[in-house]
There are 4 protein chains.
Amino acid sequence: MKSSRRGLRTRKPRQRRSRQTVEAILDAVVRILKREGFDSVTTNRIAEVAGVSIGSLYQYFPDKKAIFVALHARHLEHIDRVIQSTLVEHASSRLDTLLGAMVDAMIEAHLDDPELYELLATEVPHGADGAKHFAERLHSVFRLALASRAQELKESRDLDSLSFVVAHMVESLCHGALSRRPPGMSLRDAKTQIVRALMAYLRA
Amino acid sequence: MKSSRRGLRTRKPRQRRSRQTVEAILDAVVRILKREGFDSVTTNRIAEVAGVSIGSLYQYFPDKKAIFVALHARHLEHIDRVIQSTLVEHASSRLDTLLGAMVDAMIEAHLDDPELYELLATEVPHGADGAKHFAERLHSVFRLALASRAQELKESRDLDSLSFVVAHMVESLCHGALSRRPPGMSLRDAKTQIVRALMAYLRA
Amino acid sequence: MKSSRRGLRTRKPRQRRSRQTVEAILDAVVRILKREGFDSVTTNRIAEVAGVSIGSLYQYFPDKKAIFVALHARHLEHIDRVIQSTLVEHASSRLDTLLGAMVDAMIEAHLDDPELYELLATEVPHGADGAKHFAERLHSVFRLALASRAQELKESRDLDSLSFVVAHMVESLCHGALSRRPPGMSLRDAKTQIVRALMAYLRA
Amino acid sequence: MKSSRRGLRTRKPRQRRSRQTVEAILDAVVRILKREGFDSVTTNRIAEVAGVSIGSLYQYFPDKKAIFVALHARHLEHIDRVIQSTLVEHASSRLDTLLGAMVDAMIEAHLDDPELYELLATEVPHGADGAKHFAERLHSVFRLALASRAQELKESRDLDSLSFVVAHMVESLCHGALSRRPPGMSLRDAKTQIVRALMAYLRA
DNA sequence: CATGAATGAGTGTTCATTCAT
DNA sequence: AATGAATGAACACTCATTCAT
């Protein structure tokens with residue numbers, strides 16, 4: 001065990017440095033995006049703000065688009081991780097508890113930087129693939145969640161249909177709750193409504 | 001009288017020409033976007049494909065961004081028109097009929113060019129304002145639709161909450177139905193599920 | 001006589017209109033130059049400010065450069081006229097009186113718009129010919145002025161040399177007096193010095 | 001020691017290279033101006049003729065205007081240097097000798113490229129500031145020159161007035177001598193007249 | 001003659017990318 | 001691996017000029 005950790009150590013620092021550099025670059029993009037707008041997101045400025053040379057930047061990313069892809073991927077992976085761990089944590093909870101937790105997780109995951117998602121969605125180009133891929137992930141997660149709770153659902157319902165609808169509702173309503181909820185509606189209110197809508201559909 | 005008609009004649013064609021030119025330019029963007037990709041959408045290429053001179057293009061749009069804004073606006077206005085006329089047409093229909101019609105309208109509005117919406121959403125930069133504005137329009141429409149059907153809803157429900165949820169569900173699920181529905185699910189199936197989800201929520 | 005006047009009448013209004021239009025155009029250039037800077041002096045803007053159509057502008061000037069040439073010519077002709085009438089007015093004055101009058105005329109000619117000359121000289125392109133031509137005019141004027149006052153000069157002096165020096169001194173010192181005289185020196189002081197310098201040279 | 005020399009070596013060449021590149025660019029402007037006319041002076045052509053990439057050109061100059069400013073500044077600095085070293089060289093010469101040397105210096109400074117000055121003055125845009133600044137420099141130089149020769153002047157004379165007049169006379173007459181002297185007048189003749197005029201004024 | 005919409009060649013400038021050090 | 005000066009293709013946009021009405 002020790003030796004294996006040693007073996008890793010000589011490699012890991014490099015990998016860790018790489019990871020840090022990549023993170024620094026992605027963070028730089030976000031920072032520029034917020035402070036100076038999309039037009040200022042040039043590769044040279046990214047490198048400058050990230051504190052690396054433009055040459056190094058191109059060691060980590062083949063071209064500019066790859067940076068945006070990575071940025072979206074990082075965001076999506078973050079959500080993915082949160083969603084997935086919520087799924088596992090509530091493996092044996094009742095359906096409404098699970099859905100509540102899911103909605104909470106989704107909202108909380110965006111709460112540390114509420115404007116970032118808007119920015120990513122509206123300003124940073126992202127091939128349709130990315131969005132589709134994420135939708136499929138979410139679909140899978142909810143399919144899994146619902147499959148193991150078949151007893152709480154009418155047996156006549158098609159699992160694919162249910163998870164398709166649920167996944168879209170969760171994504172759309174959580175984002176809406178964060179940035180477009182009507183004045184007078186709190187985040188708590190929003191969450192209550194979202195879960196109510198989800199449960200109403202699943203029990204219909 | 002003659003002269004007054006002349007006066008009109010010389011004006012209207014111009015307005016019509018203007019409108020046509022603007023349309024030609026926006027269509028050109030769409031065509032290039034589909035055939036050559038976003039990177040080929042240069043102002044010179046737009047002008048070329050639209051069959052106008054680059055100078056004329058800049059007589060109609062102050063800069064490149066304005067073209068994208070107009071393109072999004074055109075799309076949103078189209079949807080808006082469709083949604084609104086559906087609302088009016090079904091002024092006296094029952095709620096489920098209205099919602100079914102709304103979903104139909106939304107889907108049909110995208111059906112003539114299914115990939116366009118994806119392209120607009122993912123490739124063409126659009127300030128967050130546009131999206132927010134559209135969300136608010138949709139919210140208003142559904143608020144109106146639900147307000148006049150208070151008797152079909154439990155009186156305890158808050159109209160803003162309801163329309164917030166419904167608007168988001170309709171938008172997200174219709175788009176999802178068009179481009180991300182699971183294999184094996186038809187558009188008809190999707191529509192059925194969407195309406196079922198909407199009604200379940202509203203009746204819950 | 002009558003008929004000839006008639007003949008003139010039908011023509012003159014046109015010539016007068018032409019002249020007015022040309023003046024309006026040149027005035028527009030000056031106005032734009034002062035208010036918006038040289039970069040804003042475009043043919044379209046000139047036409048706009050002059051209150052004529054761009055098409056008309058090109059009826060009076062073959063191209064943009066011609067406008068600048070005309071503008072310089074107008075200024076130079078103005079000075080020329082002033083200088084020449086001063087020469088005539090003081091045909092029988094003593095030399096120092098004449099020179100004083102010349103300096104006065106030169107300065108007064110610029111006094112109604114002191115910054116215009118700077119602008120013309122520094123911002124508006126003017127082929128070297130224009131400057132040379134003006135220098136020659138001035139040279140001629142002073143040659144004439146000095147020739148008829150040979151008795152006030154030492155006979156040994158070469159008239160060309162004298163007028164060359166005098167012409168340059170007058171031009172340079174008058175412009176300098178207007179825009180670059182040291183703080184504490186009034187225009188009157190400047191004039192006194194200029195005349196003193198001229199007379200000293202001529203009597204040396 | 002070695003390393004410190006290395007440190008210097010790697011720096012100095014860069015500074016020298018920078019200077020050389022800037023010079024190459026300014027020289028390119030002059031060359032194009034003479035050979036192809038002002039309209040051909042485009043940034044891309046400048047870069048081409050200077051043998052640098054357009055990108056590099058923009059590393060040295062923020063925009064096109066800055067190139068013209070630098071070009072004028074280079075010329076003015078050259079004159080300035082010549083004038084100043086003449087002043088120092090003749091620190092203890094008599095006034096007429098000094099003025100003669102000044103006129104010589106001024107003329108010689110333009111003699112290597114007589115048409116350049118005309119071109120700069122007539123074709124290359126130059127904010128009035130540049131001219132004013134140069135005039136002030138010249139004024140200062142002559143103020144200094146005259147101040148230390150108070151004994152050669154009548155004590156009643158105001159130093160500012162004298163240097164104002166002298167500076168303008170030198171500049172204007174030297175330029176005139178170079179490009180507008182009457183036929184039959186040699187450069188030597190011109191110089192004689194200029195010095196005579198200067199001395200006459202100062203002794204008057 | 002007047003108009004001003006239309007033209008499109010040509011410009012200044014940017015910025016993704018490379019590569020010698 | 002890191003650097004960052006250098007590159008130059010490509011772009012958005014302007015504006016002098018034309019010509020159909």
- Message: Under 3.5 Å, is there any donor-acceptor pair linking the side chain of Asn44(B) to the base of dC13(F)?
- Response: yes
May I have the distance from [X] (atom [atom1]) to [N] (atom [atom2]), rounded to whole angstrom?
X        : N       : atom1 : atom2 : value
Gln59(A) : dC19(E) : CD    : C1'   : 12 Å
Ile67(D) : dT11(E) : CD1   : P     : 14 Å
Arg17(B) : dG4(E)  : CZ    : P     : 17 Å
Glu48(C) : dA5(E)  : CD    : C1'   : 15 Å
Tyr60(C) : dT17(F) : OH    : P     : 18 Å
Lys65(A) : dT17(E) : NZ    : C1'   : 15 Å
Phe61(D) : dT11(E) : CZ    : P     : 20 Å
Ile25(B) : dA12(F) : CD1   : P     : 14 Å

- Message: Just to be sure I understand the rule, does Thr42(D) reach a base, reach only the sugar-phosphate, or reach nothing, if contact means heavy atoms closer than 4.0 Å?
- Response: sugar-phosphate
- Message: Within the structure provided, determine whether Tyr60(D) and Ser18(D) are in side-chain contact (heavy-atom separation under 4.5 Å).
- Response: yes
- Query: Can you find a pair of side-chain heavy atoms, one from Glu48(B) and one from Thr42(B), that are under 4.5 Å apart?
  - Reply: no
- Query: Which comes earlier along DNA chain F counting from the 5' end, the contact point of Thr21(A) or that of Asp63(C), where each point is its nearest nucleotide?
  - Reply: Thr21(A)
- Note on the structure: Comparing Ile54(D) with Arg45(C), nearest DNA chain F nucleotide closer to 5' gives the residue Ile54(D)
- Query: Below 4.0 angstrom, N of the basic side chain to O of the carboxylate: do Glu118(B) and Lys132(A) qualify?
  - Reply: no
Phosphate OP1/OP2 of [N] contacted by [X] side-chain N/O (<4.0 Å):
X        : N       : result
Thr43(C) : dA16(F) : yes
Ser56(D) : dT7(F)  : yes
Tyr58(B) : dA5(E)  : no

- Tightest non-hydrogen contact, residues Asp113(B) and Lys34(B), listed as OD2-NZ, 2.6 Å
- Query: Starting at the 5' end of DNA chain E, which residue's closest nucleotide do you reach first, Lys64(A) or Asp39(D)?
  - Reply: Asp39(D)
- Take Gly55(B) and Pro62(D), find for each the nucleotide of DNA chain E with the closest heavy atom, and name the residue whose nucleotide sits nearer the 5' end. Gly55(B)
- The Watson-Crick or G-U wobble partner of dT21(F), with both key distances under 3.5 Å, is dA2(E)
- Paired to dT7(E) by Watson-Crick or G-U wobble criteria (both distances under 3.5 Å) is dA16(F)
- Query: Above 12 or not: heavy atoms from other molecules or residues under 6.0 Å from NE2 of His133(C)?
  - Reply: no
